[in-house]
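For reference, the structure is listed below as structure tokens.
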Amino acid sequence: MTAVTPAPPAVRPAPVDAVPPDRPAGRARLRTAAGFAFGAALLFAVAPLMLSDFRLALLAKYLCVAMVAVGIGIAWGRGGMLTLGQGVFFGLGGYAMAMHLKLADAGPGGMPDFMQLYGQLDELPLWWRPFASPWFALPATVLLPMAVAFGLGSLVFRRRVRGAYFAILSQALAAAMVILLIGQQGTTGGTNGLTDIKGFFGYDLDDPVNQRMVYFIIAGTLLALLALTRQLIHSRYGELLVAVRDGEERVRFLGYDPASVKLVAYVVAAGMAGLAGALFVPAVGIISPALIGIVPSIEFVIGVAVGGRATVLGPVLGAVAVAWARTALSERFPGTWTYLQGLLFVVVVAFLPGGLASLWSLARRRDVGAQPARRRWLSLGRRRVERTEVPAA
Amino acid sequence: MSGERLDGLSVRDVRVSFDGFTAVDGVCMEVPAGDIRFLIGPNGAGKTTLVDAITGLVGATGSVRFGDEELLGRPVHRISRLGIGRTFQTSSVFEELSVLQNLDIAAGARRSWATLARRRRGVPDEIAAALETIGLTEQAGNLAGTLAHGQKQWLEIGMLLVQDARLLLLDEPVAGMSHEERDATGALLETLSRDRTVVVIEHDMDFLRRFARSVTVLHAGRVLSEGTVTQVQADPRVQEVYLGHPVDAGSARTGREA
Ligand SMILES: Nc1ncnc2c1ncn2[C@@H]1O[C@H](COP(=O)(O)OP(=O)(O)O)[C@@H](O)[C@H]1O
Ligand SMILES: [Mg+2]
């Protein structure tokens with residue numbers, strides 16, 4: 001062998017960690033890629049081939065709920081903020097989209113049907129007008145919920161409202177939103193909401209082919225949100241968020257402002273809920289107060305708890321499973337579902353605080369941060385950094 | 001990785017009240033740069049509360065200066081960014097995160113959002129050095145919750161190191177440690193004080209005799225005595241109040257007082 005060809009450039013050995021890495025990066029990445037490929041195959045090939053149009057439409061609806069769940073997983077599972085009011089953000093996204101679609105259905109210069117009916121209005125209210133433009137309405141489905149979450153979060157987190165107080169406050173917000181919508185029947189459609197949505201950017205929603213397209217958009221969006229969530233959880237910010245969840249005061253003493261750390265997670269979760277609401281509208285054809293109030297807001301959380309709130313995939317699986325069980329059981333045993341759902345929630349919280357996902361990771365190596373301790377389910381048991389000693393008399 | 005400047009701590013007439021009960025009652029204390037000051041006193045004397053006041057956890061009147069900066073009135077995280085780090089009586093590491101992640105978070109208060117949005121790659125130099133210093137290199141990948149008690153205390157100290165704290169306030173760092181662990185911790189404190197100012201709340205008299213450069217005795221929220229170990233031990237008021245009864249200075253009494 002002679003040195004005819006130039007020697008290959010000296011490959012610098014990959015920097016060897018002085019310490020055992022806390023994540024076998026290469027293998028984990030491969031596993032993630034495989035997981036995504038599997039999920040994509042399931043959503044894009046298996047489900048459309050196996051399911052009837054009716055079932056596929058149901059799945060599309062469940063996947064929207066799953067998007068909300070992914071956000072709750074970030075805010076609650078990783079950030080410790082039990083948000084019982086995601087319906088508000090889901091609703092903001094949903095109404096923004098529905099307003100645009102109603103206006104598009106009505107045609108240029110037209111007014112949504114219900115306004116003449118119960119509003120007796122002769123012209124479009126001012127605040128409806130921008131939603132005629134898709135360039136306003138589409139970004140608004142995400143940005144509006146995020147802005148509301150930002151405003152609310154800025155007020156609340158700086159005042160150190162947390163745990164059960166935060167949960168109740170967020171729930172009250174959902175109640176307030178419903179009251180507002182019902183009260184303004186003439187311009188919001190009241191209890192009925194915005195119904196009878198016929199078209200989606202020029203596509204007739206009654207056509208099964210277009211329903212399928214909507215399903216594919218939803219499935220793709222969910223996968224994208226999962227990828228984003230994974231990135232977020234494994235970033236430095238994701239680690240910091242877990243630290244804030246488990247020791248907010250301690251983080252403060254390290255020089256961070258925990259309020260802004262929590263705010264980011266809360267705003268991201270709100271954006272995801274808004275997007276979910278926006279896609280829910282073409283999938284189901286309606287948005288109404290009953291879909292965004294206290295009850296659906298709690299149901300979002302139950303799915304997350306059942307699936308495993310601190311994992312990436314747990315909330316999705318839990319949300320789909322609970323939504324599916326709801327449909328299946330309430331068809332057969334109407335009236336018992338509410339109790340079953342409550343029971344399910346209690347059982348999971350009491351016996352499996354990490355959700356179904358923890359069965360998986362209990363069997364495997366523990367995932368960092370993925371096992372919120374049982375006592376923390378409301379962040380009520382957050383570790384105090386104060387003294388424990390008993391002062392001498 | 002350590003502070004460029006060596007600053008002293010100056011506490012003037014600090015008062016803390018809880019609903020009419022005065023826990024810290026006009027404490028004055030000068031800790032020169034590079035000192036290892038031990039803060040002792042019976043339970044309930046106000047030691048922890050004084051540290052709480054310095055770090056912004058409880059409101060206080062008076063003045064606390066570190067170098068040129070007034071600390072009182074600033075929020076906790078701003079005080080921390082001035083280079084003041086503390087540990088707590090009960091361990092407060094992030095148990096669900098690895099040792100490495102704990103240190104990385106402690107090192108990162110000045111990171112931009114852009115940096116935060118990315119993953120950590122490998123082990124930053126300052127963190128590798130801190131791991132070495134606190135002897136936890138082997139455990140870097142383990143969850144902090146799985147560490148032994150003494151190791152958790154060292155991790156807390158390591159977090160102060162990477163945080164770039166120039167004033168360390170340690171609340172009972174060797175409580176519950178074995179003899180060997182105490183020795184190791186003491187040696188660590190001596191190393192740290194080369195370019196930092198250290199204040200230690202501690203009950204263990206043996207540990208105090210070996211590692212204190214100066215001592216402040218608190219009693220019922222006031223400074224009872226101050227000086228070198230020998231001076232303080234010779235002070236009859238200290239013997240009476242703190243040890244419960246007069247004893248000979250330099251006697252071999254060890255262990256925790258009640
Ligand atoms: N948050 C608080 N509320 C009311 N009283 C407190 C609080 N913190 C401390 N105290 C009281 O202040 C006194 C001093 O407490 P502390 O500083 O913990 O003592 P030490 O650390 O010296 O043992 C004690 O009597 C304690 O009960
Ligand atoms: Mg104390």
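Below, chain A is the first sequence line, B the second, and so on; all start at residue 1.
- In terms of heavy-atom pairs under 4.5 angstrom with chain B, the leader among Ser235(A), Gly238(A), Pro258(A), Ser260(A) is Ser235(A).
- Remark: Pro75(B) engages His77(B), Arg78(B) in a side chain to side chain contact (heavy atoms under 4.5 Å, CB included) (not counting sequence neighbours).
- In terms of non-hydrogen atom pairs under 4.5 Å with chain A, the most contact-rich of Ile84(B), Thr55(B), Thr115(B), Ile79(B) is Thr55(B).
- Residue Val251(A) touches chain B through both its backbone and its side chain, counting heavy-atom pairs closer than 4.5 Å.
- A salt bridge does not link Asp257(A) to Arg81(B): none of the charged side-chain nitrogens sits closer than 4.0 Å to a carboxylate oxygen.
- Interface remark: of the candidates Ala107(B), Gly85(B), Ala106(B), Ala106(B) forms the most heavy-atom pairs closer than 4.5 Å to chain A.
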>> Could you go through Ser80(B) and Gln163(B), starting from their C-alpha distance and side-chain angles, then the distance that decides it, and tell me whether this counts as side-chain hydrogen bond (donor to acceptor under 3.5 Å, both in side chains)?
In response: CA-CA 9 Å; Ser80(B) 159; Gln163(B) 189 189 343; 3.0 Å; yes

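- Side-chain N or O atoms of His149(B) include one that pairs as donor or acceptor with a backbone N or O of Ala175(B) at under 3.5 Å.
- With a 4.5 angstrom heavy-atom cutoff, Ala117(B) touches chain A only via backbone atoms.
- Taking the side-chain hydrogen bond (donor to acceptor under 3.5 Å, both in side chains) definition, one finds that Arg222(B) meets it with Asp25(B), sequence neighbours left out.
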